[in-house]
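Shown next, in structure tokens, is the structure this report addresses.
Within every chain, numbering begins at 1; the chains are lettered A, B, ... in the order of the sequence lines, protein sequences first and strands thereafter.
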Amino acid sequence: MAITFENVYYQYKNEDKNYSLNDITFDLEGHFFAGVIGETGSGKSTLIQHINALLRPSKGLVKIDDFTVQVQNKKKLKKIKELRKKVGVVFQFPEYQLFEDTVLKDVAFGPKNFNVSKEDAIKKAKKALKMVGIDESYYEKSPFELSGGERRKVAIAGIIAIEPEILVLDEPCAGLDPKSSSEMMELFLNLYNQGLSLIMVSHNMDIVLKYCTKCLVLNRGKLLYNLKPTEFFYNEMYLNTAKINEPNLLYYVKMALKKNYKLDVNNIKDISSFILELKRCKNA
Amino acid sequence: MLNSPLGKYTTSNSFLHRLDPRFKIFALIILMTSIFLEYASRLMDFTYYGFMFCLILILMKIAHIRIKSLFNMMKPMAFMIVFILIINLCVVKTGNPINIFQLTIYSDAIFNTLYTFLRLLLMLALSLILTSTTKPMDLTYALEWYLHPLKFIKIPVHIIAMIISLALRFIPTLLEETEKIMKAQASRGVDFENGSLKEKMRAIISLIIPLFFSSIQRSLELADAMEVRGYDPNAKRTRYRINRFTRVDLIALPIVLILFSCAFLLMYFKINFYL
Ligand SMILES: Nc1ncnc2c1ncn2[C@@H]1O[C@H](COP(=O)(O)OP(=O)(O)OP(=O)(O)O)[C@@H](O)[C@H]1O
Ligand SMILES: [Mg+2]
């Protein structure tokens with residue numbers, strides 16, 4: 001699995017002087033769970049739409065394995081469909097995409113479009129719904145009767161059911177209660193452990209620090225950093241340059257550092273790893 | 001990707017932007033009428049159209065409207081023009097016959113199409129000037145003003161005006177939403193461009209249903225939002241911005257009137273070129 005951006009520029013309107021993406025170059029290789037962070041309007045959603053060719057760069061090129069997306073290259077339809085099978089994108093407000101008369105049919109809609117037989121599609125749909133925590137009593141409900149958070153879960157299931165190799169998520173936890181949110185994150189972690197690669201846009205820095213293996217930091221359309229989360233978040237200067245608030249965890253880590261604990265911050269990703277690290281220091 | 005079907009308002013502070021929208025609607029109607037008058041001869045007609053076209057180009061220049069946007073507006077009409085030409089060629093059998101290969105075509109067929117084309121072009125250009133220089137809201141206020149007399153036969157003009165202005169306001173939102181939904185469905189493997197008729201139907205259904213749903217949702221929310229802020233459809237409305245007939249209108253009004261009078265006199269007295 002490899003995603004490569006080479007000097008990608010993107011401009012929504014030709015007249016506009018400023019680019020929504022400005023000379024983005026990076027690559028993600030192997031097995032990754034990448035977080036994309038940045039202020040509102042920094043170009044995160046624009047960036048991820050390039051990964052399955054919903055947007056095409058104004059300049060530069062994007063490579064996903066052996067697919068190349070560049071300026072208006074009119075690839076054959078079949079190829080684009082293959083790319084969209086490989087890369088599943090869950091949008092920032094995915095609840096807009098629901099349209100079938102029952103939840104189950106709606107989730108099965110994706111796989112069916114990729115030439116999966118009806119029975120298999122239903123099977124995959126049931127599996128995906130179970131993963132996101134929607135139980136059987138919902139199968140025959142209309143998607144329009146669900147609450148906002150439930151709709152979001154169904155929409156995420158709709159993409160998971162396609163069984164992509166790369167799952168791209170635009171703020172998947174926005175609007176979910178804390179419990180659903182952490183369940184959702186555990187699900188993504190599970191998928192990651194099963195071999196999927198993920199890219200997630202998030203405004204919750206604690207989540208990014210805890211789960212991601214890489215983090216891409218955007219600011220006004222430019223890619224500032226492509227680092228491990230621990231390398232990024234424990235560097236005050238980086239945080240200030242990117243205008244990103246530190247994760248809540250950092251407050252306590254800093255407090256411990258002030259008390260002369262010799263912590264190895266590279267190991268601290270969440271509360272439990274923090275406690276482990278504290279214990280290790282105490283014993284040393 | 002998607003453009004508003006109405007001309008887009010372009011921000012500027014030109015002479016045309018500052019005119020009273022009520023006057024602009026009046027001028028639009030007057031000038032359009034003059035295009036449809038029948039002058040003494042074909043040559044006169046085309047001369048007048050040529051004159052109008054020059055005038056329109058000057059106005060577009062003043063209002064900073066690009067010629068390209070007029071061209072974009074005409075593009076969808078190309079098919080219609082060709083269609084009309086074919087119909088005309090088949091039906092019209094007057095005027096000078098011209099032989100091309102084995103076919104006999106009549107000059108009137110060509111002229112008829114040319115008339116349609118020119119009138120359409122001028123009409124679209126005039127409305128483009130109106131919509132590019134007037135905010136949709138101001139336009140509805142002006143319409144409301146013209147519909148005022150209908151109040152006396154108990155037609156709720158201000159409610160209709162509110163409906164129109166809300167509808168206009170939501171056209172761009174709707175287009176944006178369409179684009180979002182298309183993207184979301186494309187990620188689920190829907191192909192909006194290719195495919196058999198059945199697949200196309202399915203693609204369109206997957207677009208229309210969420211669109212309807214979100215529009216209805218949005219309008220309910222909007223209605224609630226208006227109500228909690230005390231909106232009463234039957235109350236007397238006041239405006240933040242008031243259309244005023246100003247000095248610029250006083251300059252423009254006689255120009256338009258004189259222009260129209262000339263056109264009318266040309267028609268009425270069948271004034272022609274004497275060569
Ligand atoms: N459809 C569009 N048309 C024109 N400009 C757009 C469009 N979508 C986004 N932009 C512009 O592109 C820039 C980047 O937008 P983008 O949606 O990628 O931001 P984001 O990082 O996802 O923000 P958020 O955190 O709010 O989701 C913004 O300045 C925005 O104004
Ligand atoms: Mg976004």
Side-chain angles (χ1 to χ4, degrees), chain A residues 12-15 45 48-49 51-56 74 76-78 80-101 105-116 121 142-145 148 151 155 157-162 164 167-170, chain B residues 1-4 7-12 64-69 71-72 132 170 172-221:
Chain A
Y12 274 100
K13 294 192 191 80
N14 290 329
E15 308 97 68
S45 300
I48 60 165
Q49 286 175 50
I51 304 175
N52 73 343
L54 285 173
L55 294 178
R56 288 169 180 211
K74 289 261 168 189
K76 287 226 168 74
L77 142 88
K78 213 176 154 200
I80 273 212
K81 234 176 157 169
E82 271 172 43
L83 175 63
R84 294 200 174 140
K85 165 84 179 73
K86 190 192 266 287
V87 183
V89 178
V90 180
F91 276 87
Q92 196 162 0
F93 302 101
E95 42 273 32
Y96 282 134
Q97 68 184 41
L98 306 175
F99 80 100
E100 291 272 21
D101 47 351
K105 270 197 201 168
D106 201 278
V107 176
F109 177 70
K112 264 195 280 178
N113 280 326
F114 291 106
N115 306 325
V116 171
S142 157
F144 300 113
E145 291 171 358
R151 260 185 244 157
I159 299 292
I160 291 180
I162 297 171
L167 187 60
V168 182
L169 304 149
D170 200 343
Chain B
M1 197 173 179
L2 296 158
N3 278 316
S4 169
K8 254 198 200 128
Y9 177 74
T10 48
T11 323
S12 161
H64 308 291
I65 306 168
R66 297 213 211 130
I67 307 284
K68 211 177 118 196
S69 43
F71 182 73
N72 285 342
S132 312
F170 278 104
T173 317
L174 215 59
L175 290 176
E176 232 169 67
E177 206 130 299
T178 310
E179 206 172 318
K180 261 192 208 155
I181 297 169
M182 281 173 83
K183 277 182 183 168
Q185 302 298 31
S187 307
R188 297 211 282 169
V190 176
D191 189 349
F192 287 97
E193 279 149 27
N194 312 66
S196 65
L197 190 66
K198 203 178 153 212
E199 283 171 328
K200 274 231 173 85
M201 286 286 286
R202 203 145 171 77
I204 289 175
I205 290 172
S206 77
L207 171 65
I208 298 269
I209 293 179
L211 200 57
F212 260 98
F213 178 73
S214 72
S215 314
I216 291 169
Q217 192 96 334
R218 199 183 285 278
S219 53
L220 291 176
E221 276 165 18

task = Go through the steps for Phe109(A) and Arg202(B) under the test side chain to side chain contact (heavy atoms under 4.5 Å, CB included), then give the verdict.
result = CA-CA 11 Å; Phe109(A) 177 70; Arg202(B) 203 145 171 77; 3.8 Å; yes
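Within the 4.5 angstrom heavy-atom criterion, only side-chain atoms of Phe91(A), from C-beta onward, approach chain B. Proximity to chain B (any heavy atom under 4.5 Å) is restricted, for Ile159(A), to the side chain, taken from C-beta onward. Contacts of Gln92(A) with chain B are absent, with no heavy-atom separation under 4.5 Å from either backbone or side chain.
Minimum heavy-atom separation, Ala184(B) to Gln97(A): CB-OE1, 3.6 Å. Across all their heavy atoms, Ile162(A) and Ser187(B) have their closest contact at CD1-O, 4.0 Å.
In summary, Lys112(A) and Glu199(B) do not engage in a salt bridge, as defined by a charged side-chain N under 4.0 Å from a carboxylate O. In this structure, Asp106(A) pairs ionically with Arg188(B), as a charged nitrogen and a carboxylate oxygen lie closer than 4.0 Å.
By the 6.0 Å contact criterion, CZ on Phe212(B) is open, its count of non-hydrogen atoms from other residues, nucleotides or ligands being 12 or less.
Most heavy-atom pairs under 4.5 Å with chain B: of the set Val168(A), Asn113(A), Val89(A), this distinction falls to Asn113(A).
Taken to the nearest 0.5 Å, the NZ atom of Lys183(B) stands 4.0 Å off from the CG atom of Leu55(A).
Partner of Phe99(A) under the side-chain contact (heavy atoms from CB on, under 4.5 Å) criterion, chosen from Ile205(B), Ile181(B), Ile208(B), Leu211(B): Ile205(B).
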